[in-house]
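Encoded as structure tokens, the structure appears first; notes follow it.
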Amino acid sequence: MGKYIRKAEKRDLIRIAEIYIFNYRLNFYPIFKNDAYYFIELQSDILAKSFEEKLSNLFVYDDGAVKGFIETEKGEIKKLFVEPVLQGNSIGTVLLNFALGNLKVNFLWALEKNTRAIDFYKCHGFTLTEEKIPEEDTDEYLVKLIYKL
């Protein structure tokens with residue numbers, strides 16, 4: 001595996017949940033503005049339990065502290081998040097390159113309004129397709145990006 005990349009373990013689940021929550025509040029709350037979801041339902045302990053079922057698909061960036069994670073399944077990047085205060089330090093790139101080289105990922109779905117994420121993936125060889133699907137229970141859309149060598 002990569003220098004700082006390792007398979008996620010049960011002990012990482014709360015930290016993974018924290019990274020997920022911080023990113024969701026920062027990046028998606030401004031779009032959806034759903035206080036009940038982002039500040040009541042989205043809790044570390046509950047989210048950690050849901051990630052436990054996905055441990056076989058989770059990898060973390062750990063250089064002494066877990067600073068990011070990636071979840072993949074059947075060639076798809078399901079989630080890629082880095083601690084917000086550490087973004088811009090190549091952690092996301094390291095996770096993405098690990099997944100591309102070792103997990104054979106080749107596509108993902110991103111929120112259409114999440115232009116920062118879309119730009120990140122485009123800079124790393126992904127192409128935006130014409131495919132899009134509605135984001136469940138919202139008026140927003142997910143767009144598909146594919147990776148071709």
Side-chain angles (χ1 to χ4, degrees), residues 2 4-100 103 105 107-129 131-147:
Y4 297 119
I5 307 298
R6 66 171 172 78
K7 196 107 169 92
E9 301 170 4
K10 209 171 181 179
R11 66 186 168 100
D12 301 316
L13 294 175
I14 289 290
R15 184 70 188 112
I16 289 169
E18 290 173 346
I19 293 168
Y20 179 92
I21 290 168
F22 294 150
N23 274 280
Y24 260 55
R25 287 180 180 158
L26 182 68
N27 296 308
F28 304 125
Y29 178 78
I31 296 168
F32 298 109
K33 294 182 178 29
N34 183 336
D35 286 2
Y37 177 73
Y38 288 94
F39 301 109
I40 298 170
E41 292 177 42
L42 204 56
Q43 299 293 323
S44 296
D45 56 341
I46 296 166
L47 194 56
K49 287 178 187 156
S50 73
F51 277 121
E52 190 169 353
E53 302 166 3
K54 303 171 184 180
L55 265 176
S56 63
N57 298 328
L58 288 168
F59 291 83
V60 296
Y61 180 100
D62 181 357
D63 65 356
V66 173
K67 296 178 177 176
F69 74 94
I70 191 166
E71 176 191 349
T72 66
E73 183 180 357
K74 298 178 183 170
E76 178 181 1
I77 297 172
K78 302 291 271 181
K79 293 175 183 49
L80 171 56
F81 291 113
V82 173
E83 175 67 42
V85 298
L86 299 172
Q87 291 174 3
N89 291 302
S90 299
I91 295 168
T93 298
V94 171
L95 284 162
L96 181 59
N97 287 338
F98 171 79
L100 289 168
L103 305 176
V105 297
F107 75 100
L108 63 100
W109 293 91
L111 189 64
E112 186 174 40
K113 287 185 178 174
N114 191 355
T115 56
R116 187 170 176 216
I118 292 168
D119 290 344
F120 169 80
Y121 289 114
K122 286 165 96 177
C123 284
H124 290 86
F126 283 78
T127 303
L128 193 56
T129 70
E131 287 184 70
K132 64 186 197 177
I133 56 174
E135 171 69 294
E136 191 175 326
D137 298 325
T138 75
D139 294 331
E140 303 298 332
Y141 284 89
L142 299 172
V143 293
K144 187 174 186 179
L145 291 98
I146 57 170
Y147 182 80

Under 3.5 Å, is there a donor-acceptor pair between the side chain of Asp119 and the main chain of Arg116? no
Atom CG of Leu55 and atom CD1 of Ile16: how far apart are they, to the nearest 0.5 Å? 7.0 Å
Minimum heavy-atom separation for Ile118 and Ala110, please, with both atom names. CG1-CB, 4.0 Å
Once you round to the nearest 0.5 Å, how far does OG1 of Thr115 lie from CG of Asn27? 10.0 Å
Taking the inter-plane angle between the rings of Tyr29 and Phe39 on a 0 to 90° scale, is it parallel (under 30°), tilted (30 to 60°) or perpendicular (over 60°)? perpendicular
Dump the intermediate steps for ring-ring contact (aromatic ring centres under 6.0 Å, His included) on Phe32 and Tyr37, then the final yes or no. CA-CA 10 Å; Phe32 298 109; Tyr37 177 73; 8.7 Å; no
Expected list for residues 73-85: side-chain donor-acceptor pairs under 3.5 angstrom, two or more places apart:
from  : atom 1 : to    : atom 2 : distance (Å)
Glu83 : OE1    : Arg15 : NH1    : 3.2
Glu83 : OE1    : Arg15 : NH2    : 2.7

Kindly indicate, with the supporting measurements, whether the criterion side chain to side chain contact (heavy atoms under 4.5 Å, CB included) is fulfilled by Phe120 and Thr93. CA-CA 9 Å; Phe120 169 80; Thr93 298; 3.8 Å; yes
Looking only at heavy atoms, what is the nearest atom pair of Ala48 and Ala17, with distance? N-CB, 3.9 Å
Does a donor on one side chain and an acceptor on the other come within less than 3.5 Å for Asn34 and Glu41? no
Here the pair of heavy atoms bringing Arg25 nearest to Pro30 is O-CD, 3.6 Å
Whether Tyr38 and Tyr24 hold their rings parallel, tilted or perpendicular, with breakpoints at 30° and 60°: tilted
Using the side chain to side chain donor-acceptor pair (under 3.5 Å) rule, collect all pairs that involve residues 50-64, keeping only residues at least two apart or in two chains. Arg6-Asp62, Lys10-Glu52, Asp63-Lys67
Please determine whether side chain to side chain contact (heavy atoms under 4.5 Å, CB included) holds for the pair Phe28 and Asn114, giving the CA-CA distance in whole Å, both sets of side-chain angles, and the decisive distance to 0.1 Å. CA-CA 8 Å; Phe28 304 125; Asn114 191 355; 3.5 Å; yes
Closest non-hydrogen atoms of Phe107 and Lys144, given as atom of the first, atom of the second and distance, are CD1-CE, 3.6 Å
As an exercise, state the distance from CG of Leu103 to CD1 of Ile70, rounded to the nearest 0.5 Å. 7.0 Å
dist Thr72:OG1 -> Leu96:CG (nearest 0.5 Å) comes out at 11.0 Å
Pick from Phe98, Phe59, Phe51: which one makes a ring pair (Phe, Tyr, Trp, His ring centres under 6.0 Å) with Phe69? Phe51
Stepwise side chain to side chain contact (heavy atoms under 4.5 Å, CB included) test for Val60 and Ile5: CA-CA 6 Å; Val60 296; Ile5 307 298; over 6 Å; no
Please determine whether the number of non-hydrogen atoms from other residues, nucleotides or ligands lying under 6.0 Å from atom CG of Asp139 exceeds 12. no
How long is the straight-line distance from CG of Leu100 back to CG of Leu95, given to the nearest 0.5 Å? 11.0 Å
Could you please spell out the steps behind the side chain to side chain contact (heavy atoms under 4.5 Å, CB included) verdict for Tyr4 and Ile91? CA-CA 9 Å; Tyr4 297 119; Ile91 295 168; over 6 Å; no
Nearest-0.5 Å distance, OH of residue Tyr121 to OG1 of residue Thr127: 14.5 Å
